[in-house]
Structure formats: C-alpha cells, structure tokens
Student: 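I have a structure I would like to understand better, so I am pasting it below and will then ask my questions one at a time.
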Amino acid sequence: MTTAVQVQGQVEAGFEELRDEFARNFTERGDVGAAVAVYVDGAPVVDLWGGLADPATGRPWERDTVGLVYSATKGATAMVVNLLAERGELDLDAPVARYWPEFGAAAKDAVTVAQLLSHQAGLPVPSAPLTRAELIAGAPVVEALAGQEPLWAPGTAHGYHALTFGWLTGELVRRVTGRTLGTVFADEIARPLGLHFWVGLPAELSGTVAPLIDGVPDPAELDLITDLAAKELVLRVVAAMSDPSSLFARVLSTNGALPTPHAATWNDPAIYGMEQPAANGVTDARSLARLYAACVGEVDGVRILSGAALDRARTEQVRGPDLVTVGESRFGVGFQLPTPASPLLGEGSFGHQGAGGALGFGDVTSRVGFGYVQNQLGASLLGEPRTAALIAALRRALA
C-alpha cells in the first residue's frame, strides 16, 4: 500500500464513488500518475487526475497532462475508417486492393477492409526483419507487408495485429484520402471536438508527455487463480511472452525491433512524433471520454458517426481463439467488443484498451464515453484491476 495522493478535478452528484475508486488506484493498485473521465449524454460527469507525471523529476500530473496510450489509439483509427465509410469514400466490404493495388499481391487480393480492421488479414508481423529506423519511417514496413504472404488464409481466423494494424490502416487511409491518418483524425475529429489527442505528436509538445513506467509481474498472483482452465491459459500466455521466437513475442516486438510494452522503447520523442495509428496516440482521459461520447451522441453539437454507421462498426466480425494472444478476443470493425474477461458496461459497449492500462470506450445503451490514461504500466496476471474498479463504480452510478 502506498501513501494517498491528492485527487483533483470534479465529479457530478451520484458519481462520487468513482473518485473513491480512483483514489484507491493509487493506494491499493499501484498507480503513479493517472486521469479518468466520463461523459454521459454528451456532458462531463467525471474529470479527475492525480499523482506524478514524472517521478524522476517530481513533475505532478496536471489537468492537461497527456500520455502515450498504446492500443487505445486503435479506437481513434477505427473511427477514422468508419467515418470514411459513412461518407462513401470507401466500402468496408470492398477488397483493400481496390484502394491500394499493391496490397493484393501474394494471395491477399480478396482481403476486405472490414477483415483488415478485424485482424483477419494474416499480417500480424513483417516476415522480413526491419530496423527500428525503418519502422519509425513507416514506408519500408508498409511495402514489406503489401508484398508478403499472409501467415494464415485471410478470413479463416484472426490474430491480433498489435502494431501492423497501424501501418496497414494508415496506408489504406492515405490511398483513399491523399492525407495521413493522423492528419485526417486531426482535421475531421480532434479539432472539431477540441481534443488533446494526436497520432503523430508535434515535436514542441514532447515535453508534456508523462513518461511510461515499466510494470513488474508478480508470479504469486498465479496462486490466486483457482480455476484450472484459467490458470492454464495464463501459463500459456506467460510462456508465449517469454519465448522471443513465439508469434506473440514477435508480434508485440515487431521481431524484436520495437518491444511493446517497454518504457525505454516508447519514451522517445521520435516515437511520439511518428504516425503509428495502432499504438502511439498521445492524449488525456478527458479527450478519450469526449471522443467516445461523440460517437454515441452529440457533444457540443458535434457527432462523429451516425447511429447506423456506429451499428455497422460495432457489428461482430470475429470472436474466439486469437492466433496471436492465445486467449479469446472479439472485434467489430476496428473496435474491441465486450468479452467475459473485459465486459465493460455490457453489450452496448465498444472501444479499445492499451497495453499496460489505458482504456477508451463508449456505450450506446448508457450513452457513456469513458477514458483512463496512466503512466504506470500494469503487469497483473489477473487482468487490469484499476479500470475494472472504475467501471464497476460507474455501473453502480448508472443503475
């Protein structure tokens, strides 16, 4: 247990328990610096922050502190692609090769946009080793992925494209619009909503980012798992993560060149500044919550996706064993959907978590937008207790 921190911000009446649980994240669940925000019916009801943005310097987490949110970025990317589909600029059921002809090489000509966004393309990692500099540049990995054969027959299975999702969707959006995905997101979504959210952070803002802090797994947590099947699954995941030759390890590190999650790898202005629409979004909790709130309704007169477009985006594309992460996963068109391990608020929820803890999601039933951003990377073998506690408190507040 650690010393209590001063939690700053506001909560509306009826949502006070979220403040209590957020405070417990620091005293009981290992948070160092973090923020949480909730919108309901387009209005903010929770906006809290606390702790240290940078323990090395003592810099506090302030109202506008931002952090790198890893795969919570994918939710923003999914919104861009689904917005383009709603406008008729691309067809989710069309082959990717219609917009990006080179992608059709090596038996990928029938891969649809929806399949690409639901991790069915069989391209979770480049077959050829690429350097860190090539990955940051982007173009070399895009060319490599377009030319290579898929690791499985596209459409027959799914496996989490942890980082390649970003390079692939980024190139698709560039071919359709003539602009980078980060630019489209800034012009069409972030700026109209007044978000502090960048996919490709301007260099002059790099000093505002709260550096990530590596998490350390506690092997003793295994003893807390009483269900034998669940324990076996956790052991398989741990084994895959520990074996650098496993598909899981290769995917999460891009063949060792970009280890993820790994604080030293990602606490780098060059990483902040590249456009990696799978993993290098930089934002705050308020912007994540506002972003999802503008998908389920209007926020200050702005709505990102119509109800029909959001229903299409939330339509389940895949569910079941994931060839990369070993466990079960479930996806719509770019969005993670609720699972028994991560139920969110229920079947009306959609969004995306980030490695180590960050989370953004919306819920069409409760008309909620939720965002949580932190610097301490979680490493629990039992799931993410910080967001689980906050969501449980939110569920009770909405009851």
Student: Would you say Arg319's side chain and Gln317's backbone share a donor-acceptor pair under 3.5 angstrom?
Tutor: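 Not a single qualifying donor-acceptor pair exists.
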
Student: Short question: side chain of Asn267, backbone of Pro211 - any donor-acceptor pair under 3.5 Å?
Tutor: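 No, Asn267 side chain to Pro211 backbone: no donor-acceptor pair under 3.5 Å.
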
Student: Strictly distance-based, threshold 3.5 Å: is any side-chain N or O of Asn280 a donor or acceptor partner for the main-chain N or O of Met274?
Tutor: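 Confirmed, Asn280 side chain pairs with Met274 backbone.
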
Student: Can you give me every donor-acceptor pair (side chain of residues 292-299, partner residue at least two apart or in another chain, under 3.5 Å) with its distance?
Tutor:
none

Student: With distance as the sole test, does Thr156 use its side chain to make a donor-acceptor pair with the main-chain N or O of Ala153 at under 3.5 Å?
Tutor: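 Confirmed, Thr156 side chain pairs with Ala153 backbone.
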
Student: Which atom pair, heavy atoms only, marks the closest approach of Pro126 to Thr164?
Tutor: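 Result for this residue pair: CD-CG2, 4.0 Å.
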
Student: Give me the atom names and distance for the closest heavy-atom approach of Ala240 to Ser246.
Tutor: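 Nearest heavy atoms, Ala240 then Ser246: O-OG, 2.6 Å.
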
Student: Are there over 12 heavy-atom neighbours, none belonging to Glu102, within less than 6.0 Å of that residue's CD?
Tutor: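 More than 12 heavy atoms, drawn from other residues, nucleotides or ligands, come within 6.0 Å of this atom.
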
Student: Distance-only, no hydrogens or angles: does the Asp31 side chain make a donor-acceptor pair with backbone N or O of Phe26 under 3.5 Å?
Tutor: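 Side chain of Asp31 to backbone of Phe26, a donor-acceptor pair under 3.5 Å: no, none is there.
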
Student: Sequence neighbours left out, what passes salt bridge (Lys or Arg N to Asp or Glu O under 4.0 Å) with Arg250? Give chain and number order.
Tutor: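 By the salt bridge (Lys or Arg N to Asp or Glu O under 4.0 Å) rule, Arg250 matches no residue at all.
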
Student: Any salt bridge linking Glu347 with Arg330? Criterion: basic side-chain nitrogen under 4.0 Å from a carboxylate oxygen.
Tutor: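 Salt bridge between Glu347 and Arg330, a charged N being under 4.0 Å from a carboxylate O: yes.
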
Student: Run the numbers on Leu123 and His161 for side chain to side chain contact (heavy atoms under 4.5 Å, CB included), then give the verdict.
Tutor: CA-CA 7 Å; Leu123 300 170; His161 290 43; 4.0 Å; yes

Student: Does the ring pair (Phe, Tyr, Trp, His ring centres under 6.0 Å) test come out yes or no for Tyr372 and Phe22, once each step is laid out?
Tutor: CA-CA 10 Å; Tyr372 169 78; Phe22 184 62; 7.1 Å; no

Student: In the hydrophobic clustering that connects Ile, Leu, Val, Met, Phe, Trp and Tyr at side-chain heavy-atom distances below 4.5 Å, which members other than Leu228 occupy its cluster, ordered by chain and number?
Tutor: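 None; Leu228 is a cluster of one.
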
Student: By side-chain hydrogen bond (donor to acceptor under 3.5 Å, both in side chains), which residues pair with Ser380, not counting sequence neighbours?
Tutor: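 So Ser380 forms a side-chain hydrogen bond (donor to acceptor under 3.5 Å, both in side chains) with Glu221.
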
Student: Under 4.5 Å between any side-chain heavy atoms of Thr169 and Leu117, yes or no?
Tutor: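 Of all side-chain heavy-atom pairs linking Leu117 with Thr169, at least one is under 4.5 Å.
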
Student: Establish, from distance only, whether the side-chain atoms of Ser342 and Gln336 form a donor-acceptor pair under 3.5 Å.
Tutor: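 There is no such pair (donor and acceptor under 3.5 Å, judged by atom type) between the side chains of Ser342 and Gln336.
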
Student: Name every donor-acceptor pair, under 3.5 Å, that has one atom in a side chain of residues 88-95 and the other anywhere in the protein, sequence neighbours excluded.
Tutor:
from, atom 1, to, atom 2, distance (Å)
Asp91, OD1, Asp93, N, 2.9
Asp93, OD1, Arg312, NH2, 2.9

Student: Quick check for you: to the nearest 0.5 Å, what is the distance between Gln10 atom CD and Glu12 atom CD?
Tutor: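 So the CD of Gln10 and the CD of Glu12 are separated by 8.5 Å.
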
Student: Within the distance-only criterion (no hydrogens, no angle test), does the side chain of Lys108 pair as donor or acceptor with the backbone N or O of Ala97 below 3.5 angstrom?
Tutor: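 Such a contact is absent between Lys108 side chain and Ala97 backbone.
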
Student: The criterion is side chain to side chain contact (heavy atoms under 4.5 Å, CB included); which residues satisfy it with Pro202, sequence neighbours excluded?
Tutor: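 Pro202 satisfies side chain to side chain contact (heavy atoms under 4.5 Å, CB included) with Trp198, Glu204, Leu205 once adjacent residues are dropped.
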
Student: Before giving the answer on salt bridge (charged side-chain N to carboxylate O under 4.0 Å, His left out), spell out for Arg175 and Glu171 the whole-Å C-alpha distance, their side-chain angles and the decisive distance to 0.1 Å.
Tutor: CA-CA 6 Å; Arg175 295 296 181 112; Glu171 183 64 12; 2.7 Å; yes

Student: First locate atom CZ of Arg290, then atom CG of Asp284, and finally report the distance between them rounded to the nearest 0.5 Å.
Tutor: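 Interatomic distance, Arg290 CZ to Asp284 CG, rounded to 0.5 Å: 11.0 Å.
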
Student: Could you tell me if the side chain of Thr283 sits less than 4.5 Å from the side chain of Leu195, heavy atoms only?
Tutor: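 In short, these two side chains do not touch, never coming nearer than 4.5 Å.
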
Student: With side chains defined as the heavy atoms from C-beta onward, is the minimum distance between Trp100 and Val176 less than 4.5 Å?
Tutor: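 No, their side chains stay 4.5 Å or more apart.
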
Student: Applying side-chain hydrogen bond (donor to acceptor under 3.5 Å, both in side chains), which residue pairs with at least one partner in residues 205-217 are found, sequence neighbours left out?
Tutor: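 As it turns out, there is no side-chain hydrogen bond (donor to acceptor under 3.5 Å, both in side chains) pair with a partner in residues 205-217 once direct neighbours are skipped.
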
Student: Got a donor-acceptor contact below 3.5 angstrom from the Ser127 side chain to the Gln148 backbone?
Tutor: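 No, the answer is negative, given that no donor and acceptor are paired below the 3.5 Å cut-off.
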
Student: Just so I know, are the side chains of Arg386 and Gln374 near enough to count as touching, which here means a heavy-atom distance under 4.5 Å?
Tutor: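 Arg386 vs Gln374: side chains touch.
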
Student: Linking Ile, Leu, Val, Met, Phe, Trp and Tyr by side-chain heavy atoms under 4.5 Å, what else ends up with Val32?
Tutor: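 In the cluster with Val32 are Leu52, Ile213.
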
Student: Do you know which two heavy atoms are closest between Asn255 and Ala128, and how far apart they sit?
Tutor: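 Answer, listing the atom of Asn255 first, then Ala128: ND2-O, 3.9 Å.
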
Student: List the steps, then state whether salt bridge (charged side-chain N to carboxylate O under 4.0 Å, His left out) holds for Glu21 with Arg24.
Tutor: CA-CA 5 Å; Glu21 291 300 336; Arg24 290 190 185 101; 2.9 Å; yes

Student: If the condition is ring pair (Phe, Tyr, Trp, His ring centres under 6.0 Å), which residues does Phe361 pass it with, not counting sequence neighbours?
Tutor: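 Residues passing ring pair (Phe, Tyr, Trp, His ring centres under 6.0 Å) with Phe361: Phe370.
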
Student: Just by modelled atom types, is the Leu222 backbone N or O under 3.5 Å from a matching donor or acceptor in the Lys231 side chain?
Tutor: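 Yes, Lys231 side chain to Leu222 backbone: donor-acceptor pair under 3.5 Å.
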
Student: Report yes if some heavy atom in the side chain of Val96 is under 4.5 Å from a heavy atom in the side chain of Leu168; otherwise report no.
Tutor: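 No, every pair of side-chain atoms sits at 4.5 Å or beyond.
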
Student: Grouping I, L, V, M, F, W and Y whenever their side-chain heavy atoms are under 4.5 Å apart, do Phe197 and Ile271 come out in a common cluster?
Tutor: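 Yes, same cluster.
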
Student: Hydrophobic cluster mates of Trp152, side-chain heavy atoms under 4.5 angstrom, ILVMFWY only, any path?
Tutor: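 Members other than Trp152 - counting any ILVMFWY side chain reachable under 4.5 Å - are Val125, Leu151, Tyr160, Leu233, Val237, Met241, Leu247, Phe248, Val251, Leu252, Val318, Leu323, Val324, Val326, Phe331.
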
Student: Between Leu344 and Asp363, is any pair of side-chain heavy atoms under 4.5 Å apart?
Tutor: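 When only atoms from C-beta onward are counted, Asp363 and Leu344 do not touch, as no gap falls below 4.5 Å.
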
Student: Taking Ser287's backbone N and O only, do any of them form a donor-acceptor pair with His196's side chain (distance below 3.5 Å, no angle check)?
Tutor: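 Checked: no pair found.
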
Student: Can you see which heavy atom on Ala53 is nearest to which on Ala210, and at what distance?
Tutor: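 What the structure gives for the nearest pair is O-CB, 3.5 Å.
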
Student: What residue pairs, at least two apart or across chains, pass ring-ring contact (aromatic ring centres under 6.0 Å, His included) with a residue in residues 58-83?
Tutor: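 Every ring-ring contact (aromatic ring centres under 6.0 Å, His included) pair that includes a residue of residues 58-83, provided the two are not neighbours, is Tyr70-Trp266.
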
Student: Can you see which heavy atom on Pro340 is nearest to which on Glu328, and at what distance?
Tutor: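 The pair with the smallest heavy-atom distance is CD-OE2, 4.4 Å.
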
Student: With a 4.5 Å cut-off on side-chain heavy-atom distances among I, L, V, M, F, W and Y, is there a chain of contacts connecting Leu359 to Leu68?
Tutor: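 Unlinked, Leu359 and Leu68 end up in two clusters.
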
Student: CG/Leu310 to CD/Glu86 distance, rounded to the nearest 0.5 angstrom?
Tutor: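 Taking CG in Leu310 and CD in Glu86, the distance rounds to 9.5 Å.
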
Student: Would you indicate whether the side-chain heavy atoms of Leu398 and Leu345 approach each other to under 4.5 Å?
Tutor: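 Counting from C-beta outward, Leu345 and Leu398 do come under 4.5 Å.
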
Student: Minimum heavy-atom separation for Gly75 to His352, with atom names?
Tutor: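 Distance-wise, the nearest heavy atoms are N-CB, 3.9 Å.
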
Student: Quick one: do Arg174 and Glu275 satisfy salt bridge (charged side-chain N to carboxylate O under 4.0 Å, His left out)? Show the steps, please.
Tutor: CA-CA 12 Å; Arg174 190 182 73 82; Glu275 287 197 22; over 6 Å; no

Student: Are any of the side-chain nitrogens in Arg286 or Asp64 under 4.0 Å away from the carboxylate oxygens of its partner?
Tutor: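 Yes.
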
Student: Can you check salt bridge (charged side-chain N to carboxylate O under 4.0 Å, His left out) on Arg191 and Asp187, steps first, answer last?
Tutor: CA-CA 6 Å; Arg191 193 168 296 117; Asp187 292 345; 2.7 Å; yes

Student: For the side chain of Arg132 and the backbone of Thr265, is there at least one donor-acceptor N/O pair under 3.5 Å apart?
Tutor: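 Here the side-chain-to-backbone pair exists.
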
Student: Enumerate the residue pairs fulfilling side-chain hydrogen bond (donor to acceptor under 3.5 Å, both in side chains) with a member in residues 388-399, sequence neighbours excluded, ordered by first and then second residue.
Tutor: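 Listed by first then second residue: Glu17-Arg396.
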
Student: Take His158 and Ser329 through the test side-chain hydrogen bond (donor to acceptor under 3.5 Å, both in side chains) and record every step on the way to the result.
Tutor: CA-CA 9 Å; His158 72 284; Ser329 60; 2.9 Å; yes

Student: Indicate yes or no: at least one non-hydrogen side-chain atom of Val364 is less than 4.5 angstrom from one of Arg314.
Tutor: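 The answer is yes, as the side chains (C-beta and beyond) meet within the 4.5 Å cut-off.
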
